[in-house]
Chemist: 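Have a look at the structure that comes next, please.
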Number of protein chains: 2
Amino acid sequence: MKTAKPTEKELEILQVLWQQGPATVREINTVLNATKNIGYTTTLKVMQIMYDKGFLSRQKSGKTHVYKATITKEGTQQQLLDKLLDTAFGGSAMKLVMQALGNRKSSQKELDEIRDYLDRLEGGES
Amino acid sequence: MKTAKPTEKELEILQVLWQQGPATVREINTVLNATKNIGYTTTLKVMQIMYDKGFLSRQKSGKTHVYKATITKEGTQQQLLDKLLDTAFGGSAMKLVMQALGNRKSSQKELDEIRDYLDRLEGGES
DNA sequence: ATTGTATTACGAAAATATTCGTAGATAATA
DNA sequence: TATTATCTACGAATATTTTCGTAATACAAT
């Protein structure tokens, strides 16, 4: 069975969980409401669906559930990247990279880090 | 008015148009059918919707329409990149770049090109 | 125990995206 | 001109995603 891709809303929730660790529906909803306007039961429903899909696990604590992401940030990022590469960049990772670096200000430090990273990639995975 | 994001199917069609230039519904559908299985009227419908949205322009040639992408590949790529950065990479272009380069084999030549690109970025846009 | 408050479960409405059937228009050609 | 093949327009069915109302449940406070 192929792992399905999280939807937009699901990704927003995953973001919070990845960043803050396990959390309740209430906590997630509070974070989301800082920017958007989303009802409590909406957040609840989405998280229940994610639980059904296996994206989240949960544990009862008193009367509430504490949810935890079961899929990793890295794996999901890679999956989305692959998709984007495929659907918008014709499979060329390089083009994507250049576009990502080009149209936004990257600091000198960041550019250096990328260079180091390139060196490491090249230097044979010692 | 904020430019809406193309859907998955719309992106597939844009891909073909960006690569091959203006084309008829029939031509697009033929290309799509090389990999997927999609009915002619489905492709037609999607392209008509894209026309309504302003993603495509068209010109009558005989009894058929020749469609042309009105949104650029680069702009759309950037838009999707920004979205991905935001929803999955916490806004860090660098992390995205590293992830993109890491989990796939990039040729020596590609890596060199990226290095050159970095040099140019740094070298002050002379 | 009764009341009040927060949470969950359930179902379904609303919004969006995908799919295609059918009818009518257009042009080529027999 | 009649026939045929192809294309467009239109509407609608289906699927997916997002949204939330309502009722049941669990806990806390009175």
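Labels below follow one simple rule: chain letters A, B, ... track the order of the sequence lines, proteins then strands, and each chain is numbered from 1.
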Chemist: Whole Å only: how far is the OH atom of A:Y67 from the C1' atom of C:dA9?
Modeler: 10 Å
Chemist: Mind checking which nucleotides bracket the chain A contacts on DNA chain D, 5' to 3', with an atom under 4.0 Å from a heavy atom?
Modeler: D:dT17 to D:dC27
Chemist: Any side-chain to backbone donor/acceptor pair from B:T72 onto B:G75? Under 3.5 Å, distance only.
Modeler: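 Between the backbone of B:G75 and the side chain of B:T72 there is a qualifying donor-acceptor contact (under 3.5 Å).
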Chemist: Which of residues 14-33 of chain A have a heavy atom under 4.0 Å from DNA chain D?
Modeler: none
Chemist: Side chains of B:Y51 and B:H65: does their closest heavy-atom pair fall under 4.5 Å?
Modeler: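 Of all side-chain heavy-atom pairs linking B:H65 with B:Y51, none is under 4.5 Å.
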Chemist: Can you tell me if A:Q20 has over 12 outside heavy atoms packed within less than 6.0 Å of its CD?
Modeler: yes
Chemist: Are A:E74 and B:K95 ion-paired here, with the side-chain N under 4.0 Å from a carboxylate O?
Modeler: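 The answer is no: the pair does not qualify as a salt bridge.
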Chemist: Quick one: does B:N29's side chain have a donor or acceptor within less than 3.5 Å of a partner on B:L44's backbone?
Modeler: no
Chemist: My understanding is that only one of A:K5, A:K53, A:K45 makes a salt bridge (Lys or Arg N to Asp or Glu O under 4.0 Å) with A:E10; could you say which?
Modeler: A:K53
Chemist: Is any side-chain N of the basic residue among B:R115 and A:D119 closer than 4.0 Å to the acidic one's carboxylate O?
Modeler: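 Yes, this pair counts.
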Chemist: Quick check against the 3.5 Å criterion: does B:E27 have a side-chain atom that pairs as donor or acceptor with the backbone of B:T24?
Modeler: yes
Chemist: Between B:D52 and B:Q48, do the side chains contain a donor N or O and an acceptor N or O under 3.5 Å apart?
Modeler: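 No, no side-chain donor-acceptor pair sits under 3.5 Å.
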Chemist: Detail all sub-3.5 Å separations between protein N/O atoms and N/O atoms belonging to nucleotides 15-20 of chain C.
Modeler:
residue	atom	partner	partner atom	Å
C:dT18	OP2	B:T7	OG1	2.7
C:dC20	OP2	B:G39	N	3.0
C:dC20	OP2	B:T42	OG1	2.8

Chemist: Test side chain to side chain contact (heavy atoms under 4.5 Å, CB included) on B:N37 and B:L32 and set out the steps.
Modeler: CA-CA 8 Å; B:N37 194 340; B:L32 294 186; over 6 Å; no
